[in-house]
Student: 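Input: one structure, supplied below.
All values below come from the heavy atoms of this structure, side chains included, with hydrogens, waters and symmetry mates left out. Per chain, numbering begins at 1; letters A, B, ... match sequence-line order.
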Protein chains: 2
Amino acid sequence: MSAHSHEIEEGLAFLPRFDAAGLVTVVATDVATGDVLMVAHMNEEALRKTVATGEAWYFSRSRNALWRKGESSGQTQRVLEMRTDCDQDAIWLRVEQTGAACHTGRRSCFYRRVEQADGGGDARLVFVDADRLFDPNTVYRK
Amino acid sequence: MSAHSHEIEEGLAFLPRFDAAGLVTVVATDVATGDVLMVAHMNEEALRKTVATGEAWYFSRSRNALWRKGESSGQTQRVLEMRTDCDQDAIWLRVEQTGAACHTGRRSCFYRRVEQADGGGDARLVFVDADRLFDPNTVYRK
């Protein structure tokens, strides 16, 4: 292992490895249930604001903009713990979620199970935990 | 919302949205603890093999190769549940992990906490749950 890899994997300096677009992948889990709520991205500014405020900030690839989680919907995330992985290109947030994490109004973005369809590699989806906690048409005024 | 977005978000067809490199992001959590074990990627073949076999297969970006989790280390992942998210560009696996998920020998790749360093946006790392379950120098014969 190179000295640089060793520093990244075994060091105590936070050296996030941003991709070509300047982003790291972020997984937010619900501190109460352990469920994955969402997978999103942060740029350097979102990371700094999350560390500084204890609330989750992300970078929206579709809107190309920094984004405080819940700024439109009120569905904020309080960060109880933040971790990074071995190669420091991913972040895990354990959060206290107000209401729903998903823009569709569901608690989690992962409201469909992938099931084997034919005994082989094909799959179909099945709804699970898919109740809506808010109406996105009202909240986002589409 | 377009008809296509509606189909992606509310439909029951599994239509994974691969990125420019042909990959989706995958989060594996420990079914026993809810802890995030790792964040990795799958290409279409890895997805199909995971669905077909009930064991986790990934695509290694560093080795540019399909990879059955545990093929070198013996630390396999049995998939108890697989979900996809609203826009179908991420996968959540709830797995039964044999031994350690991380190539460093730790149970999880997320063995360091990110802590605020100065009362602002700067951060440092602290080891948590960092015991090694195997010696990577032995297992991978470096």
Side-chain angles (χ1 to χ4, degrees), chain A residues 1 9-16 25 27 29-30 33-36 38-40 44-45 47-54 62 81-92 94 102-104 106 108-117 119-128 136 142, chain B residues 1 9-16 25 27 29-30 33-36 38-40 44-45 47-54 62 81-92 94 102-104 106 108-117 119-128 136 142:
Chain A
M1 191 191 296
E9 293 187 359
E10 301 297 333
L12 293 178
F14 185 41
L15 302 167
T25 300
V27 181
T29 64
D30 187 322
T33 62
D35 285 353
V36 176
M38 57 189 280
V39 172
E44 188 169 12
E45 191 180 359
L47 263 175
R48 290 187 64 85
K49 283 182 179 285
T50 300
V51 169
T53 65
S62 57
E81 188 179 39
M82 184 169 176
R83 294 195 188 186
T84 191
D85 70 343
C86 44
D87 57 2
Q88 299 205 36
D89 66 354
I91 299 286
W92 170 22
R94 293 172 69 228
C102 186
H103 76 287
T104 66
R106 278 98 172 191
S108 162
C109 295
F110 292 85
Y111 50 84
R112 287 170 299 180
R113 182 180 292 148
V114 180
E115 295 198 340
Q116 195 180 39
D122 289 339
R124 65 181 160 222
L125 303 181
V126 175
F127 281 96
V128 281
K142 277 177 184 166
Chain B
M1 191 190 296
E9 293 187 358
E10 302 297 333
L12 293 178
F14 185 41
L15 302 167
T25 300
V27 181
T29 65
D30 187 323
T33 63
D35 285 354
V36 176
M38 57 189 282
V39 171
E44 187 168 13
E45 190 178 0
L47 263 176
R48 290 186 64 84
K49 283 182 179 286
T50 301
V51 169
T53 65
S62 57
E81 188 179 38
M82 184 170 177
R83 294 195 189 188
T84 191
D85 70 343
C86 44
D87 57 1
Q88 298 204 37
D89 65 355
I91 298 286
W92 170 22
R94 292 172 69 226
C102 187
H103 75 287
T104 67
R106 279 99 173 191
S108 162
C109 295
F110 293 84
Y111 50 82
R112 287 171 299 182
R113 183 180 291 149
V114 180
E115 295 198 341
Q116 194 179 39
D122 289 340
R124 64 181 162 224
L125 303 181
V126 176
F127 281 95
V128 282
K142 277 176 183 167

Student: Who wins among Val128(A), Val126(A), Leu47(A) for the most heavy-atom pairs under 4.5 Å with chain B?
Tutor: Val128(A)

Student: Is it the side chain or the backbone of Thr25(B) that comes within 4.5 Å of chain A heavy atoms, both, or neither?
Tutor: side chain

Student: Answer whether the closest heavy-atom distance between the side chains of Val27(A) and Trp92(B) falls below 4.5 Å.
Tutor: no

Student: Output the option from Asp89(B), Val36(B), Leu15(B), Thr53(B) having the highest count of non-hydrogen pairs under 4.5 Å with chain A.
Tutor: Val36(B)

Student: Atom CZ in Phe14(B), atom CD in Gln116(A): separation rounded to 0.5 Å?
Tutor: 12.5 Å

Student: Provide the closest heavy-atom pair for Tyr111(A) versus Glu10(B) in the form atom of the first, atom of the second, distance.
Tutor: OH-OE2, 4.2 Å

Student: State, to 0.1 Å, how close Ile91(A) and Phe110(B) come at their nearest heavy-atom pair, and which atoms those are.
Tutor: C-CE2, 3.9 Å

Student: Taking NZ, NE, NH1 and NH2 as the nitrogens, is one of them in Asp122(B) or Arg48(A) under 4.0 Å from a carboxylate oxygen of the other?
Tutor: yes

Student: Where does Arg94(A) contact chain B at under 4.5 Å (heavy atoms): side chain, backbone, both or neither?
Tutor: neither

Student: Rounded at 0.5 Å granularity, tell me how far CE in Met82(B) sits from CG in Leu125(A).
Tutor: 9.5 Å

Student: Using non-hydrogen atoms only, which part of Ala13(A) is less than 4.5 Å away from chain B: side chain, backbone, both, or neither?
Tutor: backbone

Student: Heavy-atom pairs under 4.5 Å with chain B: which of Arg112(A), Glu115(A), Gln88(A) has the most?
Tutor: Arg112(A)

Student: Does any backbone or side-chain atom of Glu81(A) lie under 4.5 Å from a heavy atom of chain B? Answer side chain, backbone, both or neither.
Tutor: side chain

Student: What part of Thr84(A) is in contact with chain B, defined as an atom under 4.5 angstrom from a non-hydrogen atom: side chain, backbone, both or neither?
Tutor: both

Student: For the interface with chain B, which of Thr50(A), Asp30(A), Asp35(A) has the highest count of heavy-atom pairs at distances below 4.5 Å?
Tutor: Asp35(A)

Student: Mind listing the closest non-hydrogen atom pair of Thr104(B) and Cys86(A) along with its distance?
Tutor: CG2-CB, 4.3 Å

Student: Based on non-hydrogen pairs under 4.5 Å, which of Ala90(B), Gly121(B), Cys102(B), Ala123(B) is most in contact with chain A?
Tutor: Gly121(B)

